[in-house]
Amino acid sequence: MRNLAIITSLSLTVLLFIVMTPTLNISFNLIYLLFIAGNGVFVYLVYKILKDGKPSSKKFDEGNW
């Protein structure tokens with residue numbers, strides 16, 4: 001589960017940095033590369049969550065909304 005926390009933190013950091021890049025006057029080519037890399041990190045995050053995540057024990061038919 002610790003690995004998921006690291007990947008989640010990395011993806012959020014990349015996202016926040018991409019959002020800040022226009023105010024930092026970074027070239028468009030670097031912004032584009034960061035955007036592509038950020039999507040790759042996000043896809044890897046989704047893969048790891050689906051592969052290693054813990055399923056919930058709560059069920060909708062038992063009244064857990």
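As the structure is a prediction and not an experimental result, all values here were calculated from the model.
- For the atom pair Phe28 CZ and Thr21 OG1, the distance stands at 10.0 Å (nearest 0.5 Å).
- In this structure, the separation between CD1 on Ile49 and OG1 on Thr8 is 5.0 Å, given to the nearest 0.5 Å.
- Expressed to the nearest 0.5 Å, how far CG of Leu12 lies from CZ of Phe42 amounts to 10.0 Å.
- The closest side-chain heavy-atom distance from Asp52 to Asn3 is not below 4.5 Å.
- The only member of Val43, Leu45, Leu16, Val46 that meets side-chain contact (heavy atoms from CB on, under 4.5 Å) when paired with Ser11 is Leu45.
- Cluster annotation: Leu4 is connected to Tyr44 through the hydrophobic network of ILVMFWY side chains, with a link wherever side-chain heavy atoms come within less than 4.5 Å.
- Across all non-hydrogen atoms, the minimal contact from Leu34 to Phe17 is CD1-CE2, 3.4 Å.
- The minimum heavy-atom distance linking Ile26 with Ile31 is given by the pair O-CD1, 3.6 Å.
- Side-chain contact between Ser27 and Leu30: present, with at least one pair of heavy atoms (C-beta onward) separated by less than 4.5 Å.
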